[in-house]
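Below is one structure, written out as structure tokens; comments come after it.
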Amino acid sequence: MWKRIFKDSAPSEAKAISENPLYQDIDRERLPVHTAIIMDGNGRWAEGRGLLRTAGHTAGVDALKQILKVAIDLELPALTVYAFSTENWKRPHSEVDFLMRLFVDYLSKEIDEMDEDNVRLRFLGRIDELSPALKDLARTAVERMADNTGVRFNVAMNYGGQDEILRATREIARRAQAGELSPENVDGQLLESCLDTAGLPPVDFVIRTSGDMRLSNYLLWQAAYAEFWFTDTNWPDFTPACFIEALKDFGKRKRRFGGLKNI
Ligand code: IPE
Ligand code: IPE
Ligand code: MG
């Protein structure tokens, strides 16, 4: 594992990773394969400081940049973040509009660095319903990073787990109607291949910040056997140290998947 970290790094960079006290005592064999984060609490973070909710979203982007860096340093195979749910359209138009512009800004500023970091970017959700600017940027970014081989970084944007399962079900029904498959052929593998996460490993770790203990329609199928980590910390205050604490805790979990053996 360490060899992998040193492989493509300049010696000084490699040293920085190995000597970073943050990364000490991490059992790299027991890191999650697919971590999914519900980045919640931007509004509360801002309100607690007498700021507008939008200031919380801006601060949330900075937190995300740092967390992605940790995922890159530790070579986590997959990181999925919840940026905007299918239910978030219920918010005031001004907040939705701000968020959409923030996503455009974030993407346009971060694409180069993500690409340099060998990140493989992907989007989950109804991307086609977003603004032309955001849609185009997302498409360009995905195409540009398609051949990268590092962290699979998935951004759930206009995403809802129920909506995703419904879309997959419709697709399967369409194929059945066209005579391409019969009901007996419908199994978990087929359904998974029709989800936005097709080809990604199952989610084994869900982190939610800001104190609420619910899934809010996030990765309902994929998180079937995930471990959970809840923290009262609001997303903008979720530092690399908080992330490492959660990852270390994941390493201690006993996972049985319905059986009796701890895997
Ligand atoms: C999460 O923070 C960001 C999005 C949902 C887009 P919130 O905006 O939900 O912040 P709280 O939960 O209201 O504090
Ligand atoms: C979940 O947070 C969605 C995102 C973090 C993007 P919400 O703030 O929308 O969830 P609820 O409404 O509290 O369940
Ligand atoms: Mg919230």
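Everything quoted here is computed from the prediction, not taken from an experiment. When a ligand or atom number is given, it counts from 1 through the structure's own listing order.
From the protein, the heavy atom lying nearest to atom 10 (O) of ligand 1 is Gly43 N, 2.9 Å. Among all non-hydrogen protein atoms, the one lying nearest atom 4 (C) of ligand 1 is Arg91 NH1, 4.0 Å. When only non-hydrogen protein atoms are considered, atom 14 (O) of ligand 2 lies nearest to Ser216 OG, 2.6 Å. Protein heavy atom closest to atom 13 (O) of ligand 2, with residue, atom name and distance, is Arg214 NH2, 2.8 Å.
Checked by atom type, the side-chain pair Glu87/Gln162 shows no donor-acceptor distance below 3.5 Å. Arg122 and Thr197 share no donor-acceptor pair across their side chains, judged by distance under 3.5 Å alone. Using modelled atom types and a 3.5 Å distance limit, the side chains of Thr86 and Asn158 yield no donor-acceptor pair. Remark: the Asp196 side chain and the Tyr159 side chain contain no N/O donor-acceptor pair separated by less than 3.5 Å. Under the 3.5 Å distance criterion, with hydrogens and angles disregarded, no donor-acceptor pair is assigned to the side chains of His34 and Asp204.
Considering every non-hydrogen atom in both Val70 and Tyr23, the closest pair reads CA-OH, 3.6 Å.
Between Trp45 and ligand 1, no N or O atom pair is found at a separation short of 3.5 Å. At least one N or O atom of Arg44 sits closer than 3.5 Å to an N or O atom of ligand 1.
Taking a 4.0 Å cut-off on heavy atoms, Glu47 fails to register as neighbouring ligand 1. Arg208 counts as a contact of ligand 2, since one of its heavy atoms falls under 4.0 Å from the ligand. A heavy-atom separation below 4.0 Å is not found between Ser210 and ligand 1.
In Met39, the part holding a heavy atom less than 4.0 Å from any atom of ligand 1 is the backbone. Contact annotation: for Asn88 versus ligand 1, heavy atoms closer than 4.0 Å belong to the side chain alone. Using a 4.0 Å cut-off between heavy atoms, Ala83 contacts ligand 1 through its backbone alone, with no side-chain atom that close. At a 4.0 Å heavy-atom cut-off, ligand 2 does not touch Tyr218 at all.
Shown here, atom 2 (O) of ligand 2 is in close reach of the protein: a heavy atom of it lies under 4.0 Å off.
Here the side chain of Tyr218 pairs a donor or acceptor atom with the backbone of Tyr82 at under 3.5 angstrom.
Less than 4.0 angstrom separates some heavy atom of Asp40 from each of these atoms of ligand 2: 2 (O), 8 (O). Remark: ligand 1 atoms within the under-4.0 Å shell around heavy atoms of His57 are 3 (C), 8 (O). Of all atoms in ligand 2, numbered sequentially from 1 with element shown, those under 4.0 Å from a heavy atom of Phe84 are 6 (C).
Each of Val104, Asp97, Asp105 was scored for a side-chain contact (heavy atoms from CB on, under 4.5 Å) with Arg101, with one residue passing: Asp97. When each of Val81, Leu64, Val61 is tested with Trp235 by the rule side-chain contact (heavy atoms from CB on, under 4.5 Å), just one qualifies, namely Leu64.
Between Phe205 and Phe250, the two ring planes are tilted [angle within 30° to 60°].
Side-chain contact between Leu200 and Asn154 is present, with heavy atoms from C-beta onward closer than 4.5 Å.
Counting backbone and side-chain atoms alike, Asp40 contributes an N/O/S atom closer than 2.8 Å to the Mg ion (ligand 3).
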